[in-house]
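Remember, it's 1-based here, ligands and their atoms both numbered in the order they're listed.
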Amino acid sequence: MFNLILFGSPGSGKGTQSEKLIAKYGLKHLSTGDLLRSEISRQTALGQEAKKIMDKGQLVPDEVVVGMISSALDENPHSKGFLFDGFPRTSAQAEALDKLLDLKKAPIAVMLALAVSGEELVKRLVKRGETSGRSDDNNEQVIRARLNEYLDKTAPVADHYAQTGKVVMVKGEGSITEIFEALCYEIDTRIDRVNK
Ligand code: ADP
């Protein structure tokens, strides 16, 4: 089993690259943002609570997202591996994920971190807000709150995986294909080792 975290700020291109990576490597895509938006569109109680927090640009509680990830892992026992996108986003989530994967004897192989400059991020998110229909994308104040949450709570997650030498930075600016190829290169140097 090959487990990978695609890491980066909101707007760094995780969603776009995840779609291409799961198609190429046959991994199961686990995006907590997508799982939460699915709860919102189904109007579940969890979704209604989460929407209030997401619309302020804040993080939903760790227990909620850890619970969703734990269920998703249980629902896919035969997966070739998982691509985590937008998770873990706090140190507590990272510790919880490590425990869940320890049980499967399939730890995180690598964290690929997309590096994009601050001004480029705001530009991309504002532009996405024009078409995405996401209420957290069409207000610059909410976008700035999300970027602050990222710097404050999420950036330390990279330090957590850096302790075990698992973080690889990849340039997140350039064409979608160039970035995809850089990500594939890093995966290809590791995936055989894990699957043997
Ligand atoms: P983006 O990376 O563009 O912010 P996501 O779809 O990953 O988009 O997340 C959207 C929102 O969903 C976040 O701003 C946050 O409120 C919530 N969210 C997603 N994943 C998590 C998580 N792992 N922990 C807490 N909140 C999360």
Side-chain angles (χ1 to χ4, degrees), residues 3-19 21-22 28-42 44-73 82-101 108 111-158 160-161 170 172-173 176 179:
N3 292 322
L4 145 80
I5 298 172
L6 189 57
F7 189 74
S9 169
S12 60
K14 300 186 297 291
T16 305
Q17 296 296 335
S18 291
E19 292 303 328
L21 292 169
I22 56 164
K28 172 77 186 164
H29 185 198
L30 292 184
S31 155
T32 40
D34 287 351
L35 291 169
L36 288 165
R37 282 185 289 277
S38 155
E39 297 280 341
I40 294 173
S41 64
R42 286 183 285 125
T44 64
L46 190 159
Q48 284 167 350
E49 280 312 303
K51 182 169 175 16
K52 291 184 208 154
I53 300 170
M54 291 162 76
D55 281 349
K56 285 191 258 177
Q58 295 168 357
L59 295 182
V60 306
D62 290 333
E63 310 81 73
V64 173
V65 287
V66 170
M68 292 192 315
I69 289 289
S70 176
S71 309
L73 292 176
F82 296 93
L83 188 166
F84 298 94
D85 162 8
F87 180 90
R89 239 174 165 102
T90 64
S91 300
Q93 291 176 24
E95 280 161 28
L97 177 64
D98 289 349
K99 286 203 184 115
L100 289 169
L101 294 180
I108 291 297
M111 167 184 268
L112 298 176
L114 289 169
V116 179
S117 72
E119 277 324 295
E120 170 74 13
L121 291 171
V122 177
K123 250 192 272 166
R124 287 189 192 177
L125 290 165
V126 169
K127 187 152 180 273
R128 187 168 83 186
E130 292 165 8
T131 53
S132 71
R134 275 179 54 170
S135 48
D136 60 346
D137 272 348
N138 55 29
N139 175 322
E140 192 156 334
Q141 209 182 327
V142 173
I143 289 174
R144 296 212 179 264
R146 282 158 59 206
L147 295 176
N148 284 335
E149 284 280 76
Y150 173 79
L151 289 176
D152 190 29
K153 297 182 183 145
T154 306
V157 174
H160 173 93
Y161 289 100
V170 173
E173 295 183 51
I176 290 177
I179 299 165

task: Could you list which atoms of ligand 1 come closer than 4.0 Å to a heavy atom of D136?
output: 10 (C)
task: List the closest protein heavy-atom neighbour of atom 18 (N) of ligand 1: residue, atom name, distance to the nearest 0.1 Å.
output: L36 CD1, 3.5 Å
Heavy-atom nearest neighbour of atom 3 (O) of ligand 1 within options K14, R128, R89: R128
- line: ligand 1 to F87, heavy atom cutoff 4.0 Å, flagged ligand atoms 23 (N)
query: For D34, is at least one N or O under 3.5 Å away from an N or O on ligand 1?
result: no
- prompt: Donor-acceptor pair, R146 side chain versus D136 backbone, under 3.5 Å?
  reply: yes
message: Could you identify the single nearest non-hydrogen protein atom to atom 8 (O) of ligand 1 and state the distance to 0.1 Å?
response: R134 NH2, 3.1 Å
message: Taking a cutoff of less than 4.0 Å between a non-hydrogen atom of the residue and any ligand atom, is E149 in contact with ligand 1?
response: no
field: atom 20 (N) of ligand 1 - nearest protein heavy atom and its distance
entry: T32 OG1, 2.8 Å
message: Determine whether a donor-acceptor pair (N or O, by modelled atom type, separation under 3.5 Å) exists between the side chain of S9 and the backbone of S12.
response: no
- prompt: Run the side-chain contact (heavy atoms from CB on, under 4.5 Å) check on H160 and D98 step by step: do they pass?
  reply: CA-CA 11 Å; H160 173 93; D98 289 349; 2.7 Å; yes
message: Heavy-atom distances under 4.0 Å decide this one: backbone, side chain, both or neither, for V60 against ligand 1?
response: both
task: Not counting sequence neighbours, which residues clear salt bridge (Lys or Arg N to Asp or Glu O under 4.0 Å) with D55? List them please.
output: K51
query: Counting each atom of ligand 1 from 1 as listed, which ones have a heavy atom of P10 under 4.0 Å away?
result: 1 (P), 2 (O), 3 (O), 4 (O)
message: Are more than 12 heavy atoms, taken from residues, nucleotides or ligands other than I176, located less than 6.0 Å from that residue's CD1 atom?
response: no
query: When you measure from atom 24 (N) of ligand 1 to every protein heavy atom, which one gives the shortest distance, and what is it?
result: Q93 NE2, 3.0 Å
message: Under the rule for salt bridge (Lys or Arg N to Asp or Glu O under 4.0 Å), what residues qualify as partners of E49, not counting sequence neighbours?
response: K52
- prompt: To the nearest 0.1 Å, how far is atom 11 (C) of ligand 1 from its closest protein heavy atom, and which atom is that?
  reply: M54 CE, 3.7 Å
- prompt: Is the side chain of T90 donor-acceptor paired with the backbone N or O of K153 at a distance under 3.5 Å, no angle test?
  reply: no
task: For atom 16 (O) of ligand 1, find the nearest protein heavy atom and state the residue, atom name and distance (0.1 Å precision).
output: Q58 O, 2.5 Å
message: What protein heavy atom lies closest to atom 14 (O) of ligand 1? Include the residue and the distance to one decimal.
response: R146 CG, 3.8 Å
task: Show which atoms of ligand 1 fall inside a sub-4.0 Å distance from at least one heavy-atom site of G86.
output: 20 (N), 21 (C), 22 (C), 23 (N)
- prompt: Going from CZ on R37 to CZ on R134, what distance comes out if it is rounded to the nearest 0.5 angstrom?
  reply: 4.0 Å
